[in-house]
Amino acid sequence: MSEDTRERTDALPPVCILAGGLGTRLGERVRETPKPLLEVAGEPFLMHQLRLLAQHGARMVVLCVGYRGEQIRARIGRERFGIDVRYSFDVLPGGDGTLGAIRRAQGMLGERFLVLYGDTYLRIDYDAVARRWRESGLPAVMTVLRNEGRWDASNAVYGEGMVLRYDKRSPTPEMRWIDYGLGGLTAGALDRAPAVEDDLATLYRRLAEHGELMGFAADARFYEIGTPEALADTEEFLRSGAPCG
């Protein structure tokens, strides 16, 4: 097998990073700076995220941007850590929504792609997620973490490799797992929700209801920067020199 062929075989599917939010819970920190560019452990958070993806074989990322999206493109550019970085811009004044942003970017993402929130740092085997999902034949995957209400409200029922129920808006007591922040969709999976629906969480809920949402259990806590407290926690972790993979 040639080196070029081996590189293509090892590469992850395209990764869609949802990075268009306003980050309102961060207050003044995001008045002039979009959340993905907030400095964490000495550099923009998005740099940490892209470096981690590169270590796991990512070769192409589509950044779905909205708030101060041009600032993100100017800072990150078209290539980082060997990753081809592309951009898809929201067009609606208040943003396209998470699912709307994915639909807008689909032409760049192709038939199968991973989806990652732009404020999360996830220590998981990305290749194993992509491989097991592909082998399952299912149209979608969601990574989940046994949560028991620890990090945020638990919102999923998981068992035997499937997300059996998922409801981010109205979680129920039997939900002990939480959406870990990494998912995957085929182009066909996008048809499971009406074209007017703009929330990715609604699509995931429908896929779970129809037995079409594979689950992959993570075993390490997630880090994120959505609140000042979470940002400080992530800063401490990234400065600690702990293994990042």
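Just so we're clear, the structure is a prediction, and the values are computed from it rather than from any experiment.
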Are the side chain of [X] and the backbone of [Y] linked by a donor-acceptor contact shorter than 3.5 Å?
| X | Y | result |
| --- | --- | --- |
| Thr120 | Glu224 | no |
| Asn155 | Asp179 | yes |
| Asp96 | Leu92 | yes |
| Arg78 | Val85 | yes |

Gap separating the [atom1] atom of [X] from the [atom2] atom of [Y], nearest 0.5 angstrom:
| X | Y | atom1 | atom2 | result |
| --- | --- | --- | --- | --- |
| Leu145 | Ser154 | CG | OG | 9.0 Å |
| Thr227 | Leu26 | OG1 | CG | 7.0 Å |
| Ile72 | Glu70 | CD1 | CD | 10.0 Å |
| Leu238 | Tyr223 | CG | OH | 8.5 Å |
| Cys64 | Tyr87 | SG | OH | 12.0 Å |
| Ile83 | Phe81 | CD1 | CZ | 8.0 Å |

Counting C-beta onward and ignoring hydrogens, is there a side-chain heavy-atom pair between [X] and [Y] closer than 4.5 Å?
| X | Y | answer |
| --- | --- | --- |
| Trp151 | Phe222 | yes |
| Trp133 | Thr186 | yes |
| Gln49 | Leu116 | yes |
| Arg75 | Pro44 | yes |
| Asp90 | Val65 | no |
| Asp199 | Thr98 | yes |
| Tyr126 | Leu52 | yes |
| Glu148 | Arg150 | no |

Are [X] and [Y] ion-paired here, with the side-chain N under 4.0 Å from a carboxylate O?
| X | Y | value |
| --- | --- | --- |
| Arg176 | Glu174 | no |
| Asp167 | Arg169 | no |
| Arg165 | Glu209 | no |
| Glu32 | Arg68 | yes |
| Glu197 | Arg192 | no |

*asked:* Just checking Glu111: does its CD atom have more than 12 heavy atoms from other residues, nucleotides or ligands closer to it than 6.0 angstrom?
replied: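 No - once you tally the heavy atoms of other residues, nucleotides and ligands closer than 6.0 Å, there are 12 at most.
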*Return yes when atom CD of Glu236 has more than 12 non-hydrogen atoms of other residues, nucleotides or ligands closer than 6.0 Å, and no otherwise.*
no
*Can you list the residues that meet the salt bridge (charged side-chain N to carboxylate O under 4.0 Å, His left out) rule with Asp125, with sequence neighbours excluded?*
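Salt bridge (charged side-chain N to carboxylate O under 4.0 Å, His left out) list for Asp125, sorted by chain: empty.
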*Does Glu28 have any salt bridge (charged side-chain N to carboxylate O under 4.0 Å, His left out) partners at least two apart in sequence or in another chain, and if so, which?*
Arg31
*asked:* Connecting only ILVMFWY residues whose side-chain heavy atoms lie within less than 4.5 Å of each other, what is the rest of Leu99's hydrophobic cluster?
replied: Leu18, Met60, Val62, Ile102, Met108, Leu109, Phe113, Val115, Tyr117, Met142, Val144, Tyr158, Val163, Tyr166, Trp177, Leu185, Leu190, Leu200, Leu203, Tyr204, Leu207, Leu213
*Could you check Asp233 against Arg221 for salt bridge (charged side-chain N to carboxylate O under 4.0 Å, His left out), going step by step and ending with a plain yes or no?*
CA-CA 12 Å; Asp233 206 14; Arg221 64 155 291 187; 2.9 Å; yes
For the hydrophobic clusters of this structure (ILVMFWY residues joined by side-chain heavy atoms under 4.5 Å, transitively), does one cluster hold both [X] and [Y]?
| X | Y | value |
| --- | --- | --- |
| Phe45 | Tyr67 | no |
| Leu12 | Ile17 | yes |
| Met47 | Leu122 | yes |

*Take Tyr180 and Phe216 through the side chain to side chain contact (heavy atoms under 4.5 Å, CB included) test and state the conclusion after the steps.*
CA-CA 9 Å; Tyr180 189 66; Phe216 186 104; over 6 Å; no
*Taking all non-hydrogen atoms of both residues, which atom of Val157 and which atom of Met175 are closest, and how far apart?*
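Scanning both residues, the minimum pair turns out to be CG2-CG, 3.8 Å.
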